[in-house]
Amino acid sequence: MFPLQHYLKEIHMQSIVQTNFTGIDGLIIRNEPRPALTDNGVLIAMETLPVVPSDWHKETDPNATAEQALQLPRVIGIGGVGTVIEVGHNRDQKLLHQRVLVMHPKGSYQEFILNTNSDWLFPLPINVSNAEAATLTAGPGVALALTEFIKQNPSDHLVITGANSVIGLILCQLLGSTYPGLTPIVSPDSQAYFNQSLPGYPVYSIEHLQLFHGRTLIIDIAGSEPLLQQLIAAVPRASIASIALQTSNLNVPFTFVHEDFNHQIYCHLIKTVASHKLWLPIGRIFSFAETKKAQHYAKDHHSRGRVLVNLN
């Protein structure tokens, strides 16, 4: 980590920017002025950033997410972890020098972020690491939205595709290993990782599913329509709740589930991680200059925890 004096002297910064829809390899590193502190702002020197699927989807398709008519150029990323280096007159001066998790939908892959919304800023306790806090971005909040949907839509069987993903592992923890009818679907290549991550939890592959009876809710994290078609054949009374697909042509009830941001939920999640009641899966860590490599790795490999990018 660089000393504070280094950050204060810097007047320019680097950002990772999408300028076209040619995919991951179309990203560029761009030099631009560092944000200027405002009375209502908090300036953060960024340190750890999560690699999230929504970014590489947006890099190939302007309508890949609910954020329609994507405007380019754009800085990628939606949040991350850093240290507060300057605080505006109208903000809490106790934030100075604190590590924080910051949500920044306008793009977090830059060396400095100016936060002007206190609801999007979360001071971190000492026993929550940068990697853990960065993993809270685009993961646990979605898993909590799924648990609420599951409660509101009771079923006899609960099938989870992509259960070895970051969101899948968190969802399984929130539900507990004894949740009635819990059926996590994991590919054979990922079952050892799932068993190591969550010992004692049930785990299945699509090849070993038997015909289900009763109502079945399929929680789709993987986003594979062929896999969903296989499952529907095995579960005649099925409905689907997906976080990966916004629409579906499958002839069963279908709901797209997304996270509604809530400040208090993230405060709760930070406390839950700090008290070791929730384990967050963390995978490989790349440098800021290796952002394209990090996205390729996350996109092309079986999930083995949240892929992260470190700036220092």
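For clarity, every value in this text was computed on a predicted model and none was experimentally measured. For reference, positions follow the sequence shown, starting with 1.
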Can you give me the closest heavy-atom contact between [X] and [Y], atom names plus distance?
X      : Y      : value
Ala274 : Asn127 : O-ND2, 2.8 Å
Pro105 : Trp120 : CD-CZ3, 3.4 Å
Phe256 : Leu245 : CD1-O, 3.3 Å

Using side-chain contact (heavy atoms from CB on, under 4.5 Å) as the criterion, list what pairs up with [X], not counting sequence neighbours.
X      : value
Lys299 : Ile24, Trp56
Ser108 : Leu49, His104, Ile113
Ala289 : Ser287
Ser15  : Met13, Val17, Glu32, Val75, Gln110

Could you state the interatomic distance from [atom1] ([X]) to [atom2] ([Y]), rounded to the nearest 0.5 Å?
X      : Y      : atom1 : atom2 : answer
Asn195 : Leu198 : CG    : CG    : 9.0 Å
Leu250 : Gln229 : CG    : CD    : 5.5 Å
Asn117 : Asn40  : CG    : CG    : 10.5 Å

Problem set entry | Given Asn115, Thr116, Thr38, Asp39, the one that forms side-chain hydrogen bond (donor to acceptor under 3.5 Å, both in side chains) with Arg91 |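 For Arg91, the side-chain hydrogen bond (donor to acceptor under 3.5 Å, both in side chains) check succeeds only for Asn115.
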For this session: Indicate the ring-plane relationship of Tyr201 and Phe194, choosing parallel, tilted or perpendicular according to the 30° and 60° boundaries.
Result: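 If you compare the ring of Tyr201 with that of Phe194, the planes turn out perpendicular.
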For this session: Might you work through the salt bridge (Lys or Arg N to Asp or Glu O under 4.0 Å) test for Arg74 and Asp55, ending with a clear yes or no?
Result: CA-CA 11 Å; Arg74 75 170 185 102; Asp55 270 328; 3.1 Å; yes
Exercise. Excluding sequence neighbours, so at least two apart, what forms salt bridge (charged side-chain N to carboxylate O under 4.0 Å, His left out) with Asp220?
Worked result: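 Counting only residues at least two positions away or on another chain, Asp220 forms no salt bridge (charged side-chain N to carboxylate O under 4.0 Å, His left out).
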Problem set entry | With sequence neighbours excluded, residues passing salt bridge (charged side-chain N to carboxylate O under 4.0 Å, His left out) with Asp119 |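 Scan of Asp119 (salt bridge (charged side-chain N to carboxylate O under 4.0 Å, His left out), adjacent residues dropped) gives none.
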Problem set entry | Heavy-atom check, side chain of Leu27 versus side chain of Gln295, under 4.5 Å |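 Leu27 reaches Gln295 side chain to side chain.
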For this session: Salt-bridge test for Glu290 and Arg284: reply yes if a basic N is under 4.0 Å from a carboxylate O, no otherwise.
Result: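 Here Glu290 does not pair with Arg284 in a salt bridge, since their nearest N and O are not under 4.0 Å apart.
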